[in-house]
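Keep in mind it's a predicted model, so treat the numbers as computed, not measured. Any value given below was found using the heavy atoms of this structure, including those in side chains, with hydrogens, waters and symmetry copies removed. In what follows, chains carry the letters A, B, and so on, assigned in the order in which the sequence lines appear, proteins first and then strands, with residues in each chain numbered from 1.
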Protein chains: 2
Amino acid sequence: MAITRNSFKAELNSKGWRMTPQRETILQVFQTLPRGEHLSAEDLHSRLSEKDAGISLSTIYRTVKMMARMGILRELELAEGHKHYELNTASPHHHHHMVCVQCNQTVEFDNDSVLKQGLKQTEKSGLQLIDCQLTIYTICPEALRMGYPALPDNWMCSRAVAEKHD
Amino acid sequence: MAITRNSFKAELNSKGWRMTPQRETILQVFQTLPRGEHLSAEDLHSRLSEKDAGISLSTIYRTVKMMARMGILRELELAEGHKHYELNTASPHHHHHMVCVQCNQTVEFDNDSVLKQGLKQTEKSGLQLIDCQLTIYTICPEALRMGYPALPDNWMCSRAVAEKHD
DNA sequence: GTGGCTGCAAAATGTTTGCAGGCCT
DNA sequence: AGGCCTGCAAACATTTTGCAGCCAC
């Protein structure tokens with residue numbers, strides 16, 4: 001049931017498309033990504049440049065969008081202004097996200113009942129469910145104490161500061 | 001509990017900010033928006049230009065972002081590439097969205113149990129819930145029949161075509 | 001009166017696209 | 001061999017920002 005290099009190639013070919021080194025590399029990155037992590041196009045690009053395989057940004061954008069449409073990747077709108085991608089594992093590995101609007105820290109959590117609600121809803125409307133994402137926007141106690149949403153310019157919570165020093 | 005011009009002004013002043021004609025106008029638009037509708041910054045801009053009150057796009061962007069941070073508006077990432085806003089009515093008017101990835105048609109639905117799950121999750125982590133959105137991505141039967149995701153270039157489902165003729 | 005607010009224009013960001021050449025099937 | 005695919009650069013869409021003047025407090 002999980003995606004493999006070969007099933008990916010078969011699915012591509014069945015649509016008249018092709019397996020290429022770039023597509024294989026990108027699939028591998030997601031296959032070896034620790035559970036709970038997700039990458040933006042830019043993340044992928046710099047990660048691949050560091051190693052050997054430089055893949056152009058355009059190709060990355062084209063590829064992740066295609067893989068998302070094929071149902072292989074899941075497209076997430078978590079941080080402001082750009083999308084993240086992760087392998088689209090079906091239930092029972094279906095999970096959701098909780099993201100702090102101040103520091104963008106994301107925590108994933110499992111909740112199968114949400115997917116059930118989603119399926120109920122789409123069946124009722126005669127539509128096919130592609131994905132179902134519960135995103136919870138929160139703000140951390142520290143930012144609240146500092147007077148959010150009237151925070152000083154450039155203020156960051158300690159978690160966000162720590163993240164900058166990675 | 002619902003937002004009013006006066007409670008808005010009070011909240012602004014408490015933070016050292018000001019009530020202005022632009023902010024009042026934008027609040028009014030959302031207050032009189034039929035339930036289930038949501039506007040992008042561009043929507044707001046053209047809607048206000050048609051009438052009398054021309055408000056610059058920058059001010060609109062600044063204002064809706066501020067109002068979202070204050071918890072007055074809810075920021076939605078439904079269609080590709082731009083955000084929509086709606087009044088952030090608390091439970092029991094809390095609702096969620098189902099959007100077709102082909103034609104972008106959006107249907108809202110109620111589901112209080114989702115909000116309950118969200119509250120449970122944030123409490124567990126000691127965070128304050130700002131918003132909680134279940135977004136269901138679907139694809140309509142018509143696009144499936146046409147071979148999605150390998151659709152002909154520029155193909156649109158009949159609902160999407162109808163939408164273009166508005 | 002003062003400092004926040006607006007409008008304008010310019011910049012920045014994230015993403016898409018046209019095209020010439022290359023490689024998978 | 002044909003046509004899909006890539007990389008590059010340029011275009012694009014949306015959103016953000018610097019700044020001078022304005023207006024709510």
Side-chain angles (χ1 to χ4, degrees), chain A residues 5-6 8-27 38-46 48-49 52-70 73 75-85 104 149-154, chain B residues 5-6 8-27 39-46 48-49 53-70 73 75-85 104 149-154:
Chain A
R5 194 213 98 104
N6 285 346
F8 184 31
K9 179 173 192 310
E11 204 173 333
L12 286 170
N13 291 345
S14 77
K15 297 189 167 60
W17 301 341
R18 293 171 186 173
M19 177 57 106
T20 64
Q22 291 88 340
R23 289 172 181 180
E24 189 168 352
T25 302
I26 291 175
L27 176 63
H38 26 72
L39 304 173
S40 67
E42 194 58 60
D43 292 337
L44 260 172
H45 188 239
S46 56
L48 291 173
S49 303
D52 37 31
I55 300 184
S56 78
L57 248 185
S58 343
T59 297
I60 290 175
Y61 275 111
R62 276 187 287 236
T63 305
V64 293
K65 178 137 291 192
M66 177 197 70
M67 290 172 75
R69 282 203 282 230
M70 293 171 74
L73 295 183
E75 194 174 67
L76 308 172
E77 296 265 8
L78 300 177
E80 289 282 288
H82 57 278
K83 303 186 180 72
H84 280 90
Y85 296 85
N104 273 338
L151 288 170
D153 272 9
N154 301 324
Chain B
R5 194 213 97 106
N6 285 346
F8 184 30
K9 179 172 190 310
E11 204 172 331
L12 286 170
N13 291 346
S14 77
K15 298 189 167 61
W17 302 340
R18 294 170 186 174
M19 176 58 103
T20 64
Q22 291 88 340
R23 290 174 180 179
E24 189 169 353
T25 302
I26 290 175
L27 176 64
L39 304 174
S40 66
E42 195 58 60
D43 291 337
L44 259 172
H45 187 239
S46 56
L48 291 173
S49 303
I55 300 184
S56 77
L57 248 183
S58 342
T59 297
I60 290 174
Y61 275 110
R62 278 186 286 233
T63 304
V64 292
K65 178 137 290 193
M66 178 199 68
M67 290 172 76
R69 282 203 281 228
M70 293 171 73
L73 296 182
E75 192 175 69
L76 308 171
E77 295 266 9
L78 300 175
E80 289 283 288
H82 57 277
K83 303 187 179 73
H84 280 90
Y85 296 85
N104 274 338
L151 288 171
D153 273 9
N154 300 325

(request) Tell me which of A:M19 and B:T20 sits closer to the 5' end of DNA chain D, going by the nucleotide each one is nearest to. (result)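 Nearest nucleotide further toward 5': that of A:M19.
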Round to the nearest Å and state the distance from [X] atom [atom1] to [N] atom [atom2].
{"X": "A:L48", "N": "D:dG7", "atom1": "CG", "atom2": "P", "value": "10 Å"}
{"X": "B:W17", "N": "C:dT2", "atom1": "CH2", "atom2": "P", "value": "24 Å"}
{"X": "A:E24", "N": "C:dC24", "atom1": "CD", "atom2": "C1'", "value": "12 Å"}
{"X": "A:L57", "N": "D:dA10", "atom1": "CG", "atom2": "C1'", "value": "14 Å"}

At under 4.0 Å, does any side-chain N or O of [X] touch on OP1 or OP2 of [N]?
{"X": "B:K65", "N": "D:dT16", "result": "yes"}
{"X": "A:Y61", "N": "C:dT16", "result": "no"}
{"X": "B:Q22", "N": "D:dC23", "result": "no"}
{"X": "B:K9", "N": "D:dC25", "result": "yes"}

(request) Quick one: list whatever passes side-chain hydrogen bond (donor to acceptor under 3.5 Å, both in side chains) with B:T59, sequence neighbours left out. (result)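 side-chain hydrogen bond (donor to acceptor under 3.5 Å, both in side chains) list for B:T59, sorted by chain: B:S56.
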(message) Can you tell me which nucleotide in C:dG14, D:dT16, C:dG7 comes closest to the side chain of A:H82?
(response)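 It is C:dG14.
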Restricting both atoms to N or O, compile the protein contacts to nucleotides 17-22 of chain C shorter than 3.5 Å, with distance only.
none

(request) For B:E42, report the nucleic acid contact type (base, sugar-phosphate, nothing); a contact means any heavy atom under 4.0 Å. (result) nothing
(message) Less than 4.5 Å apart, side chain to side chain, heavy atoms only: is that true for A:R23 and A:L12?
(response) yes
